[in-house]
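A short write-up of the structure that comes next.
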Amino acid sequence: MIGAGIVGSSCAWHLQRRGAQVSLIDSEMPGQSTSFGNAGCISKTSVFPFSYPGVIRKVPGWLLDSEGPVRIQWSQLPRVAPWLYRFWRAGSPRRVAEIVAAQVTLMEHVLDDFDEILAATGTGHLREARGLILLYDNADDFSADAWKYRERDRLGLEWRRLGLDELTAMEPRVRLGHGVALFEPLWQHITDPGGLTAGIADAAVDRGAHWIRDHVRSVSSNASGVTVDTESGRSIQADRVILATGVWSNRLLAPLGLRVPLMPKRGYHTMFSQPGIELNHPIMSASRHVLLTPMAGGLRVSGTAEFAALDAAPDYARARALVSSARHFLPDLDGAGVSEWMGQRPMMADSLPVLGPLPGRENLVCAFGHGHYGLTQGPGTGKLVARLVFGDDPGIDLAPFSITRF
Ligand SMILES: Cc1cc2nc3c(=O)[nH]c(=O)nc-3n(C[C@H](O)[C@H](O)[C@H](O)COP(=O)(O)OP(=O)(O)OC[C@H]3O[C@@H](n4cnc5c(N)ncnc54)[C@H](O)[C@@H]3O)c2cc1C
């Protein structure tokens with residue numbers, strides 16, 4: 001198992017529990033990469049791709065706004081352009097319908113998958129089931145998303161509109177102005193996503209998994225197995241290897257002659273350890289693309305989509321812009337004990353992860369590219385990968401997630 005983020009740690013735990021002998025390898029400690037600083041939301045109703053008809057027309061306006069939700073480091077345009085082309089192609093009405101149907105299959109059991117892994121790994125105290133409050137700045141923004149709510153109704157994904165009195169009773173600090181407020185009761189959140197990932201990895205190790213801290217240089221396979229070569233000179237033999245290497249996955253695929261449209265979609269957070277205000281629920285502004293989550297360590301303000309090189313230095317002005325943006329509906333947001341963080345979402349052009357074996361190399365299994373929903377889908381992906389490895393029916397159609405779809 002290469003990668004000890006939420007995806008790899010969940011795969012390791014499920015495989016070890018089913019009796020496989022697992023080695024979990026990462027150059028970082030478990031849960032210290034992208035899975036560390038995310039917004040913590042288990043977003044069961046997020047079944048829509050980021051590309052859909054008309055979205056490309058919004059991009060220039062977002063890019064021109066210094067506090068806008070999207071930014072491209074212009075030196076990266078030659079790399080981003082082919083990905084953007086595939087992103088645009090994934091936004092046709094027919095593809096959107098297919099992608100929604102595929103996401104629904106991955107999202108269907110996420111709450112049960114969390115129930116199972118949290119109970120078995122002693123991490124249940126890290127979960128809150130309080131739903132999500134969703135805000136729009138104005139009725140026009142809400143109308144632009146109306147198709148998503150029609151789809152949610154069709155799919156039975158519960159939501160409802162909140163009146164001002166109800167919103168004020170639930171979150172007295174929120175100023176709605178001329179906006180629209182909704183409640184999504186199916187959302188849950190994790191109050192320490194990095195701690196959860198580490199807890200799941202620890203539980204796999206307690207069950208007998210072997211933890212190796214090392215950087216993997218290359219992976220090669222033949223009919224008799226897989227060889228994993230590491231920076232410190234290890235050469236590890238395995239029957240099967242799972243690539244749960246998030247945004248770095250192309251680096252291991254390229255020497256095998258494979259490359260997928262996977263971009264680092266960077267996001268940021270600002271964390272207030274003493275926020276000065278208390279929120280009872282996670283609150284997201286759909287208009288401003290910012291999400292506030294009450295966490296064990298304080299209040300986390302996260303969001304942004306920045307396209308930059310994989311190793312480019314973070315630009316923490318983006319983390320501060322998120323706070324300014326959130327003050328629009330939470331004017332009292334302030335506080336002390338500020339820390340800032342940047343993470344790189346492993347974003348596929350069609351918003352679907354890559355799951356399943358490589359063509360012609362059944363002993364190399366992909367589990368990466370979960371984009372905005374890696375925390376939500378990590379435990380379920382672990383279960384699915386264990387089913388594949390043990391030759392069971394995966395329970396869903398894997399064709400939409402195949403690496404050969406591009
Ligand atoms: C600001 C922000 C907010 C988010 N909010 C949410 C949210 O609310 N809900 C949600 O579901 N998702 C959210 N996400 C997305 C989520 O964080 C990711 O999808 C998820 O963390 C990806 O998990 P992963 O295990 O695939 O990757 P990672 O956590 O990045 O783990 C991959 C691991 O692979 C290791 N690795 C890679 N290559 C090698 C190698 N060659 N050798 C050794 N080790 C290697 C890395 O060191 C890393 O530890 C958010 C993301 C961001 C940035």
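Read the numbers this way: they start at 1 and go in the same order the structure lists the ligands and their atoms.
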**OP:** Please state whether Thr293 comes within less than 4.0 angstrom of ligand 1, counting heavy atoms only.
**Re:** no
**OP:** Decide, yes or no, whether a salt bridge links Glu108 with Lys44 under the criterion of side-chain N to carboxylate O below 4.0 Å.
**Re:** no
Subject >> Identity and distance of the protein heavy atom lying nearest atom 49 (O) of ligand 1 >> reply: Asp26 OD2, 2.6 Å
Subject >> ligand 1 contact on Tyr268 by region, counting heavy-atom pairs under 4.0 Å >> reply: backbone
Original post:
Between the candidates Arg213, His370, His215, Gln32, which shows the shortest non-hydrogen contact distance to atom 40 (C) of ligand 1?
Top reply: His215
**OP:** Using a strict 4.0 Å threshold on nitrogen-to-oxygen distance, state whether Glu166 and Arg160 make a salt bridge.
**Re:** yes
Subject >> Nearest neighbour in protein (non-hydrogen) for atom 26 (O) of ligand 1 >> reply: Val7 CG2, 3.5 Å
Subject >> Any side-chain donor near an acceptor of the partner, Arg130 and His189, under 3.5 Å >> reply: no
Original post:
Can you tell me which residue and heavy atom of the protein come closest to atom 2 (C) of ligand 1, and the distance to 0.1 Å?
Top reply: Arg345 NH2, 3.8 Å
Subject >> Phe368 touching ligand 1 at heavy-atom level, < 4.0 angstrom >> reply: no
Original post:
For ligand 1, is there an N or O atom under 3.5 Å from any N or O atom of Ala39?
Top reply: yes
**OP:** Only heavy atoms count here, so choose which of Ile6, Thr376, Thr34, Leu24 is nearest to atom 30 (O) of ligand 1.
**Re:** Thr34
Original post:
What is the closest protein heavy atom to atom 17 (O) of ligand 1, and at what distance does it sit?
Top reply: Asn38 ND2, 3.1 Å
Original post:
Counting only N and O atoms by type, is there a donor-acceptor contact under 3.5 Å from the side chain of Arg405 to the main-chain atoms of Phe401?
Top reply: yes
**OP:** Answer yes or no: does atom CD of Glu231 have more than 12 heavy-atom neighbours from other residues, nucleotides or ligands under 6.0 Å?
**Re:** yes
Original post:
Is ligand 1 under 4.0 Å from a heavy atom in the side chain of Pro193, in the backbone, in both, or in neither?
Top reply: neither
Subject >> Polar side-chain atom of Arg251 near backbone of Arg217 as donor-acceptor pair, under 3.5 Å >> reply: no
Original post:
Are Asp350 and Arg95 close enough for a salt bridge, meaning some N to O gap below 4.0 Å?
Top reply: yes
Original post:
Which is closest to atom 27 (O) of ligand 1 by heavy-atom distance: Gly246, Cys41, Ser249?
Top reply: Gly246
Original post:
Would you call His269 a ligand 1 contact, heavy-atom distance under 4.0 Å?
Top reply: no
Subject >> N or O contact, His372 vs ligand 1, cut-off under 3.5 Å >> reply: yes
**OP:** Measure from NZ or CZ of Arg175 to the centre of the six-membered ring of Phe329 and say whether it is under 6.0 Å with the direction within 45° of the ring axis.
**Re:** no
**OP:** Measure the distance from atom 18 (C) of ligand 1 to every protein heavy atom, then report the residue, atom name and distance (to 0.1 Å) of the closest one.
**Re:** Gly371 O, 3.6 Å
Original post:
Which heavy atom of the protein is the closest neighbour of atom 39 (C) of ligand 1, given with residue, atom name and distance?
Top reply: Thr245 CG2, 3.8 Å
**OP:** May I ask you to identify, for Asp214, whether its side chain, its backbone, both or neither come under 4.0 Å of ligand 1 on a heavy-atom basis?
**Re:** backbone
Subject >> Residues Arg173, Asp332: salt bridge by 4.0 Å N-O rule >> reply: yes
Original post:
Considering only protein heavy atoms, which is closest to atom 44 (N) of ligand 1, and at what distance to one decimal place?
Top reply: Ser27 N, 3.4 Å
Subject >> Salt bridge Arg318-Glu340, side-chain N to carboxylate O under 4.0 Å >> reply: no
Original post:
Would the number of heavy atoms belonging to other residues, nucleotides or ligands and lying under 6.0 Å from CZ of Arg213 be above 12?
Top reply: yes
